[in-house]
Structure formats: C-alpha cells, structure tokens
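A short worksheet on the structure shown next.
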Amino acid sequence: MARAYGDDLRRKVLGAYAAGQGTLAQLAARFDVSFGWVKKIRRAELLTGSRNGVPQRRRSSRVDTHRVRELVRQKPDIVLRELEEAMRASGQPVSKPQLWRVLKRLGLRLKKSRSTPPSATRKKTSAGAKRSSKPSARSRRKT
C-alpha cells in the first residue's frame with residue numbers, strides 16, 4: 001500500500017511556491033510528485049493557513065470482541081450467520097465481513113466439526129470421473 005508523503009516534503013513544496021521558485025506544475029516535476037497532490041496541498045494551505053498535514057483518522061472496530069469470544073466459547077461450532085444474529089440480538093449490529101475480520105484478529109478460525117458425520121455425497125475418483133474438457137487437437141491427431 002502506498003504511504004503518504006511526509007510533512008517535510010509538503011513544507012518544501014509550499015515554501016518553494018511561496019518563494020516564487022516556479023509554478024505548481026514545475027514544482028511537481030522538480031520534487032517528483034503528482035501535479036494533483038501539489039494542487040491539493042496548496043488548496044489545503046489556502047483553506048487552513050497551515051503547511052502541515054492533517055493527521056489521518058483510523059476508525060477502530062466497534063465490535064465487542066469480548067462478546068464475540070464469549071459466544072464462540074459457549075458454542076464452538078457456531079456459524080457466522082448465527083454469530084451475526086446473536087450480536088444483533090445483543091444490540092450490536094455487525095456485518096459478516098466485519099465479523100470475519102474480528103475473528104481473524106482474535107485468532108479464531110472456522111473449523112470443521114469432527115463430531116458430524118461425513119457428507120453422503122461421494123467425490124469422483126480419477127477412474128470414475130468424466131473428462132471435463134475435450135482432448136486437444138494435438139492429442140487427437142494420429143501420427
């Protein structure tokens with residue numbers, strides 16, 4: 001993932017523009033940054049009056065991880081849909097992708113239950129399986 005430019009580069013570009021060392025396009029080429037980024041920081045400087053960037057907010061998860069862990073502990077073979085419904089019933093609506101991320105962060109995985117009987121559907125073996133594709137022209141050709 002791309003990282004943000006530092007505040008020192010931001011201050012250098014804006015300082016050079018304030019000193020009249022070139023246009024925004026020339027400074028973008030000189031500092032090897034995009035013209036769009038230079039326009040954006042100049043616009044931010046005009047709006048805020050500051051050359052420093054705004055710190056990025058990171059949203060923390062609002063999911064009660066203790067509740068998730070407790071639900072999984074109470075019923076180890078709980079499926080994701082049931083877990084989602086239980087969280088909704090406790091007044092905390094969450095999405096399935098959000099639950100996946102929380103379970104992964106907690107180190108809990110989706111496991112197959114060893115106590116359930118195996119599936120009644122048999123897998124095809126190589127001897128009994130039909131070919132899924134036609135043979136190629138090279139293999140059909142007789143030499």
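Predicted, not measured: the structure shown is a model, and the values here were computed from it. Note that the numbering runs from 1 along the sequence shown for the chain.
The pair E70-R67 does not meet the salt-bridge criterion, since no charged nitrogen lies less than 4.0 angstrom from a carboxylate oxygen. For the pair R88 and E85, the salt-bridge criterion is not met [side-chain N within less than 4.0 Å of a carboxylate O]. Using a 4.0 Å cut-off between charged side-chain N and carboxylate O, E82 and K75 make a salt bridge.
Between the side chain of E45 and the main chain of L14, no donor-acceptor pair closer than 3.5 Å is present. Q74 places no side-chain N or O within donor-acceptor distance of the main-chain N or O of L71, the cut-off being under 3.5 Å.
D64 and M87 get closest at one heavy-atom pair: O-CE, 4.2 Å. Considering every non-hydrogen atom in both V94 and E84, the closest pair reads O-OE2, 3.4 Å.
A distance of 12.5 Å separates CZ in R73 from CD1 in I78, rounded to the nearest 0.5 Å. Note: L27 CG to I41 CD1 = 9.0 Å, rounded to the nearest 0.5 Å. Between H66 atom NE2 and L106 atom CG the span is 9.0 Å, to the nearest 0.5 Å. Q21 contributes atom CD, which lies 12.5 Å from atom OH of Y17 (distance to the nearest 0.5 angstrom). Taking OG of S95 as the reference point, atom CZ of R101 lies at 6.0 Å (rounded to 0.5 Å). A distance of 9.0 Å separates CG of L24 from NZ of K39, quoted to the nearest 0.5 Å.
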* Go through the steps for L9 and W37 under the test side chain to side chain contact (heavy atoms under 4.5 Å, CB included), then give the verdict. => CA-CA 11 Å; L9 179 60; W37 182 75; 4.1 Å; yes
* To do: Decide side chain to side chain contact (heavy atoms under 4.5 Å, CB included) for R105 and T65; before the verdict, give the C-alpha distance in whole Å, the side-chain angles of both, and the deciding distance to 0.1 Å.
  => CA-CA 9 Å; R105 191 173 61 239; T65 56; 3.7 Å; yes
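The side chain to side chain contact (heavy atoms under 4.5 Å, CB included) test applied to R11 returns D7, D8, R51, N52, not counting sequence neighbours.
With a 4.5 Å cut-off on side-chain heavy atoms, F31 and K12 count as touching.
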